[in-house]
Amino acid sequence: MRAMVLDSPGSALRLAEVPLPGLGADDILLKVHACGVCRTDLHILDGELSAPRLPLIPGHEIVGTVAAKGEQVERFSIGQRLGVPWLGHTCGHCRYCISGRENLCDAARFTGYTLNGGYAEYAAADQRYCFTMPDGYTDAQAAPLLCAGLIGYRALSAAGEAERIGIYGFGAAAHIIAQVACWQGRRVFAFTKPGDLAGQRFARELGAAWAGDSTTAPPEEIDAAILFAPVGALIPEALRHIAKGGTVVCAGIHMSDVPGFPYSILWGERTVRSIANLTRRDGEEFLKIAPRAGIRTEVEPFRLDEANEALARLRDGRIRGAAVLVMK
Ligand SMILES: [Zn+2]
Ligand SMILES: [Zn+2]
């Protein structure tokens with residue numbers, strides 16, 4: 001099969017002919033139809049996430065159909081459409097796993113990072129971590145639901161009952177989560193890179209009550225903020241704008257260092273927290289909500305062999321919505 005392969009961090013992906021993945025008893029072989037391109041992939045390529053398997057096939061927003069099954073696979077049938085997310089394996093018995101927090105499992109393995117992912121014509125995945133995908137989405141439209149949507153949803157949940165939600169960084173996750181927040185009756189305040197007028201217009205089209213530069217203050221206090229941009233300096237920036245009792249949720253897996261800030265902007269029972277990975281329950285919940293909330297995803301399609309181009313455009317902020325590799 002053809003795959004885009006990372007040989008070592010800091011290098012471009014290489015188009016290669018590689019053997020089909022072998023299947024364990026619980027594994028499914030998927031014919032990959034589409035795979036989303038996520039900012040986490042950039043952190044892996046850049047060596048900011050330091051423990052990838054190598055060589056690695058990246059990609060953790062995989063939509064495909066079952067082409068073959070291991071002998072214990074009963075949940076799914078040949079030809080069925082499935083989604084494969086970032087969480088690819090957990091131990092099932094550590095303190096985190098048995099308390100509903102498998103996203104924190106110390107022995108977890110991750111698709112497209114410590115397991116091979118979906119920048120390929122075929123991918124293997126453990127059936128226990130796959131999702132059935134909602135109808136009404138093409139393969140390409142469904143792919144961003146699997147990380148941008150899912151982890152964005154976990155971040156939105158961590159913001160609690162906040163009515164006025166600030167979103168920093170208006171990329172793939174934000175464009176989905178803004179729609180969920182509006183559907184839940186919240187008001188969205190979108191913060192983009194300074195001068196990104198196209199991004200601000202996009203946010204307003206998706207229902208944002210206000211959109212502006214990340215360096216400016218919103219027109220009123222906000223109740224919580226979600227940071228999708230991997231910029232640590234935005235934490236004190238967001239803290240200055242949230243009301244007492246509000247939370248700043250950091251949704252990315254990597255961030256630049258957080259500068260020092262005065263305690264007074266944290267005072268008033270404000271909270272700063274991160275979101276790590278996902279649980280299968282997050283996935284089941286969000287994939288039910290997405291069609292009910294009428295979530296539309298906007299995608300820019302690329303061919304498999306254009307993965308480097310897609311990643312470069314994501315890095316430069318030149319993607320509207322989500323970049324997706326489309327294999328068929
Ligand atoms: Zn991701
Ligand atoms: Zn565990």
Side-chain angles (χ1 to χ4, degrees), residues 39-40 42-43 46-50 95-96 99-101 103-106 108 148 150-174 177-178 180-182 184-196 199-200 203 208-279 282 317:
R39 179 162 294 280
T40 297
L42 283 178
H43 294 314
D46 292 347
E48 289 162 339
L49 297 188
S50 57
R95 297 174 75 92
Y96 299 112
S99 58
R101 298 178 295 161
N103 59 309
L104 302 178
C105 174
D106 285 327
L150 242 160
I151 295 189
Y153 176 71
R154 186 172 173 86
L156 181 64
S157 305
E161 299 293 305
E163 191 257 323
R164 299 164 296 182
I165 291 266
I167 299 182
Y168 284 80
F170 211 83
I177 262 19
V180 178
C182 291
Q184 291 174 333
R186 310 182 197 235
R187 279 183 296 152
V188 170
F189 297 74
F191 299 84
T192 70
K193 270 191 193 139
D196 181 8
Q200 292 167 17
W210 175 89
D213 294 352
S214 60
T215 48
T216 58
E220 61 186 280
E221 210 171 39
I222 52 181
D223 300 307
I226 303 175
L227 272 51
F228 291 116
V231 181
L234 290 173
I235 290 179
E237 190 67 34
L239 273 173
R240 288 193 166 87
H241 302 315
I242 62 168
K244 284 181 280 191
T247 303
V248 174
V249 182
C250 306
I253 195 165
H254 175 83
M255 245 193 187
S256 55
D257 286 350
V258 184
F261 55 85
Y263 178 60
S264 59
I265 62 174
L266 184 63
W267 169 250
E269 303 201 338
R270 294 174 179 87
T271 306
V272 177
R273 67 165 292 181
S274 65
I275 283 295
N277 313 316
L278 66 134
T279 64
D282 295 328

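Worth saying up front: this structure is predicted, and the values here are computed from it rather than measured.
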Roughly how far apart are [X] [atom1] and [Y] [atom2], rounded to 0.5 Å?
X    : Y    : atom1 : atom2 : answer
D46  : R39  : CG    : CZ    : 9.5 Å
I165 : I222 : CD1   : CD1   : 8.5 Å
L42  : E48  : CG    : CD    : 8.5 Å
S157 : Q184 : OG    : CD    : 7.0 Å

Just by distance, do the side chain of [X] and the backbone of [Y] share a donor-acceptor pair under 3.5 Å?
X    : Y    : result
S99  : Y96  : yes
D213 : P194 : no
S256 : G232 : yes

Given C250, which of V258, I235, I275 fulfils the side-chain contact (heavy atoms from CB on, under 4.5 Å) condition?
I235
Heavy-atom side-chain proximity of [X] to [Y] below 4.5 angstrom:
X    : Y    : result
E220 : F189 : yes
I226 : L156 : yes
M255 : S274 : no
T279 : N103 : yes

State, to 0.1 Å, how close [X] and [Y] come at their nearest heavy-atom pair, and which atoms those are.
X    : Y    : answer
R186 : A162 : NH1-O, 3.0 Å
I167 : F228 : CG2-CD1, 3.7 Å
S214 : L234 : CB-CD2, 3.9 Å
V248 : A238 : CG2-CB, 4.0 Å
R164 : A243 : NH2-CB, 4.4 Å
R154 : A276 : NE-O, 4.1 Å

I242 and T247: CA distance, side-chain angles, deciding distance, side-chain contact (heavy atoms from CB on, under 4.5 Å) verdict:
CA-CA 8 Å; I242 62 168; T247 303; 5.8 Å; no
With sequence neighbours left out, what residues match H241 under ring pair (Phe, Tyr, Trp, His ring centres under 6.0 Å)?
none
Any idea how Y168 and F191 line up, ring-wise: parallel (<30°), tilted (30 to 60°), or perpendicular (>60°)?
parallel
Considering only NZ, NE, NH1 and NH2 on the basic side and carboxylate oxygens on the acidic side, decide whether R187 and E163 come within less than 4.0 Å.
yes
